[in-house]
Amino acid sequence: MDSANAFDSCFEKTKRDFLMVSMGKVGGLKLLEKAFATEEYSREDLQYVVLHFMSRKTIWRTFVSCNNYKMPNNIPKSCGCLQYWYGKKEEKDRNWDIRYVKEHFPYAKFIRFEGMGHAAMASSYPEKMINQLTQLIERNE
């Protein structure tokens, strides 16, 4: 795929993701509950985070940064301790990412969190996230 087609593909994905979440702001809670794993988030969480807390600019910037990041061509053989965190409930959705990381970063340590979906640790288990980050930082000091 040439760079123009790659850009178009990433831009289309960014627009799709942006529109999906933004429609939740307009379409309300029922639409958000269809788009997000409701076992992870309560109605109140969805209502607060998407309907009140996230501006359209924040939503756009989130998806632009995620969908358009280009990995460098020369990846170092080792860059210290690399961990890939993911939730058990999102394992199937992260399959491509996990394969990519295993191929390009064979020294990476994969940590699966039981009972969690995408972004659940940061939003629903912040103490667990702090503990994991603290352990990682202290090991590498």
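Computed from heavy atoms alone, side chains included, the values below leave out hydrogens, waters and symmetry copies. We count residues from 1, following the sequence as given.
- Considering CZ of Phe113 and CE of Met129, their distance stands at 9.0 Å, rounded to 0.5 Å.
- To the nearest 0.5 Å, atom CG of residue Asn95 and atom OH of residue Tyr100 are 15.5 Å apart.
- Annotation: salt bridge (charged side-chain N to carboxylate O under 4.0 Å, His left out) contacts involving residues 100-111, sequence neighbours excluded, are absent.
- Exactly one residue among Ile111, Ile98, Asp93 makes a side chain to side chain contact (heavy atoms under 4.5 Å, CB included) with Tyr86. That residue is Ile98.
- A search for side-chain contact (heavy atoms from CB on, under 4.5 Å) contacts involving Asp97 returns Tyr84, Arg94, not counting sequence neighbours.
- Gln83 meets the side chain to side chain donor-acceptor pair (under 3.5 Å) test with Trp85; sequence neighbours excluded.
- Connection of Ile130 to Met121 is not established within any shared hydrophobic cluster, with ILVMFWY side chains joined at heavy-atom distances below 4.5 Å, either directly or through further cluster members.
- Evaluation of the side-chain contact (heavy atoms from CB on, under 4.5 Å) rule for Glu114 yields Lys88, Arg112 as partners, not counting sequence neighbours.
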